[in-house]
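These numbers come from a predicted model, not from an experiment. First listed ligand is number 1; within each ligand, the first listed atom is number 1.
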Amino acid sequence: MIATKGYAAQDAHSDLAPFQFERREVNPHDVQFDILYCGVCHSDLHQIRDEWGGSIFPMVPGHEIVGRITAVGTHVTKFKVGDLAGVGCLVDSCRQCANCQEGLEQYCLVGNSQTYNGLEQDGKTPTYGGYSNLIVVHENFALHISKTLDLAGVAPLLCAGITTYSPLKHWKVGKGHKVAVLGLGGLGHMAVKFAVAFGAEVTMLSTSPSKEEDAKRLGAHKFVLTTDPDSVKDVKGYFDFIIDTVSAPHDYNLYLSLLRTNGVHICVGAPPTPAEIMGFSLIGGRKSIAGSGIGGIAETQEMLDYCAEHNILSDVEVISIKDIQTAYDRMLKGDVRYRFVIDMSSL
Ligand code: NAP
Ligand code: ZN
Ligand code: ZN
């Protein structure tokens with residue numbers, strides 16, 4: 001076993017603290033890499049606090065991981081020592097079910113292995129995430145990272161990036177579409193960048209007036225303050241798609257009223273409590289409410305390659321691991337511009 005150090009939550013109520021644990025030895029198809037940067041996703045906070053239920057402790061969060069390969073198994077063909085590599089939200093899946101065969105490992109019918117707060121495919125070994133100094137992973141679940149991009153800005157692509165890229169691709173969002181991005185945080189700012197890059201007209205729907213300038217800088221064509229009823233009135237029945245990245249409970253009926261006929265409200269944000277949706281919010285205008293989870297491995301690689309080609313990165317604030325609690329507090333207040341990324345050399 002390989003001695004590893006990280007930061008862990010011991011239960012749903014305590015702060016993260018240093019934690020020693022072990023990773024498996026490098027198997028023939030595994031790669032081992034030193035983690036250089038790890039992004040801080042709102043999902044980390046939901047899971048540390050057990051807001052979705054079923055959390056496994058101790059928990060080492062982190063699923064926006066980039067680093068450099070230090071060892072490869074005897075059968076590894078995709079990577080060599082010294083290469084850059086990334087790991088997102090998945091470290092394994094059954095690899096055989098219909099969804100895995102189609103590259104939809106995020107919807108593995110048997111149950112995938114999430115990077116942390118999950119179990120390996122043996123069903124008993126807990127997984128530990130990227131708030132740590134190294135990781136060992138099957139080469140099929142490691143991603144290639146371009147040498148040309150800033151690594152701290154790449155890390156959030158592994159979750160915030162793919163989670164917004166995947167639904168935009170699935171619904172073929174592009175030229176001629178009017179898209180709203182709801183919530184300007186980690187996912188929201190990537191959704192703006194991708195939707196703009198794909199040619200859509202993009203409107204930012206935000207509760208924070210202070211983010212208007214940033215939204216425009218990120219490429220949004222319009223900004224609507226959702227706490228101002230008059231501004232909201234102007235976009236009633238306007239959008240083809242809403243990408244909803246909000247992490248807290250909110251009124252879906254209000255946002256459904258902003259969709260045009262046949263419009264789709266795509267949930268990627270995962271508030272911890274159920275929402276009340278009126279049938280009439282959907283009936284009038286044949287509207288849909290849908291969801292989307294991260295993305296498969298092949299699509300994640302496609303997204304990373306797209307970002308390298310189009311110079312798309314996350315806007316990050318690099319922090320030291322000792323400041324993680326402050327980062328969480330700020331994230332809860334919506335004060336993220338627009339992703340915290342931990343410099344792992346601070347561990
Ligand atoms: P984040 O950086 O904290 O951003 C969330 C944004 O939502 C905030 O910046 C804020 O934007 C807005 N917001 C917060 N509370 C709100 C409220 N009560 N009403 C309206 N807007 C509110 O979070 P994130 O990392 O982007 O993650 C967002 C959500 O996506 C989380 O629930 C996370 O677990 C989930 N997620 C899902 C997937 C998936 O596969 N589907 C993957 C990753 C994350 P404004 O200031 O602009 O209003
Ligand atoms: Zn995430
Ligand atoms: Zn599967």
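In the hydrophobic clustering of this structure, Phe141 does not group with Leu134; members are Ile, Leu, Val, Met, Phe, Trp, Tyr whose side-chain heavy atoms approach within less than 4.5 Å, directly or through other members.
Between Thr207 and ligand 1, at least one N/O pair is under 3.5 Å apart. Every N/O-N/O distance between Cys159 and ligand 1 stays at or above 3.5 Å. At a 3.5 angstrom cut-off on N or O pairs, Ser208 counts as close to ligand 1.
Among the atoms of His42, no N, O or S atom falls under 2.8 Å of the Zn ion (ligand 2). In summary, no N, O or S atom of Cys89 is located under 2.8 Å from the Zn ion (ligand 2).
Residue His42 touches ligand 1 through backbone and side chain together, judged by heavy-atom distances below 4.0 Å. Contact annotation for Arg339 and ligand 1: only side-chain heavy atoms (C-beta onward) come within less than 4.0 Å of the ligand. Using a 4.0 Å cut-off between heavy atoms, Leu184 contacts ligand 1 through both its backbone and its side chain. At a heavy-atom cutoff of 4.0 Å, ligand 1 is contacted by the side chain of Lys211 but not by its backbone.
A centroid separation of 6.0 Å or more is found between the aromatic rings of Tyr7 and Tyr128. Between Phe241 and His265, the distance from one ring center to the other does not fall under 6.0 angstrom. Annotation: Tyr165 is in aromatic contact with Phe194 [ring centroid separation under 6.0 Å].
Of all atoms in ligand 1, numbered sequentially from 1 with element shown, those under 4.0 Å from a heavy atom of Ala248 are 15 (N), 18 (N). Interface atoms of ligand 1 facing Val246, defined by a heavy-atom separation under 4.0 Å, are 7 (O), 13 (N), 16 (C), 17 (C), 19 (N), 20 (C), 21 (N), 22 (C). Residue Met331 has at least one heavy-atom neighbour below 4.0 Å for each of these atoms of ligand 1: 3 (O). Within ligand 1, counting atoms from 1 as listed, the ones closer than 4.0 Å to a heavy atom of Gly185 are 2 (O), 4 (O), 9 (O). Which parts of ligand 1 touch Ile294 is read off a 4.0 Å heavy-atom cut-off, strictly below it: atoms 39 (C), 40 (O). Within the listing of ligand 1, atoms 40 (O), 41 (N) sit less than 4.0 angstrom from a heavy atom of Gly293. Per-residue contacts place Gly183 under 4.0 angstrom from the following atoms of ligand 1 (heavy atoms of the residue considered): 7 (O), 11 (O), 12 (C), 47 (O). Listed by number with element, the atoms of ligand 1 under 4.0 angstrom from any heavy atom of Ser206 are 45 (P), 46 (O), 47 (O), 48 (O).
For the pair Lys178 and Tyr238, the cation sits on the ring face: its NZ or CZ lies under 6.0 Å from the ring centre, inside 45° of the axis. Judged by a 6.0 Å distance limit and a 45° cone about the ring axis, Lys193 is not positioned over the six-membered ring of Tyr338.
For Arg217 and Glu212, the salt-bridge test fails: no basic side-chain N is under 4.0 Å from an acidic carboxylate O. Between Arg337 and Asp214 there is a salt bridge, with a side-chain nitrogen of the basic residue lying less than 4.0 Å from a carboxylate oxygen of the acidic one. A salt bridge is defined here as a Lys NZ or Arg NE, NH1 or NH2 lying under 4.0 Å from an Asp or Glu carboxylate O, and Asp83 with Lys80 meets this definition. Ion pair Glu105/Arg95 not flagged as a salt bridge, since none of the NZ, NE, NH1 or NH2 atoms sits closer than 4.0 Å to an Asp/Glu carboxylate oxygen.
When rounded to 10 degrees, the angle formed at the Zn ion (ligand 2) by SG (Cys41) and SG (Cys159) equals 130°. The SG atom of Cys94 and the SG atom of Cys97 meet at the Zn ion (ligand 3) at an angle of about 110°, given to 10°. Here the angle centred on the Zn ion (ligand 3), running from SG of Cys100 over to SG of Cys108, is 100°, rounded to 10°.
Residue contacts with ligand 1 include Pro249, since one or more of its heavy atoms lies under 4.0 Å from the ligand. Ligand 1 is approached by Ser292 to a heavy-atom distance shorter than 4.0 Å. At least one heavy atom of Trp52 sits less than 4.0 Å from an atom of ligand 1.
Counting only N and O atoms by type, the side chains of Ser113 and Asp92 include no donor and acceptor under 3.5 Å apart.
In the displayed structure, Glu22 atom CD is contacted under 6.0 Å by more than 12 heavy atoms of other residues, nucleotides or ligands.
Looking only at its N/O/S atoms, His63 has NE2 as the one nearest to the Zn ion (ligand 2).
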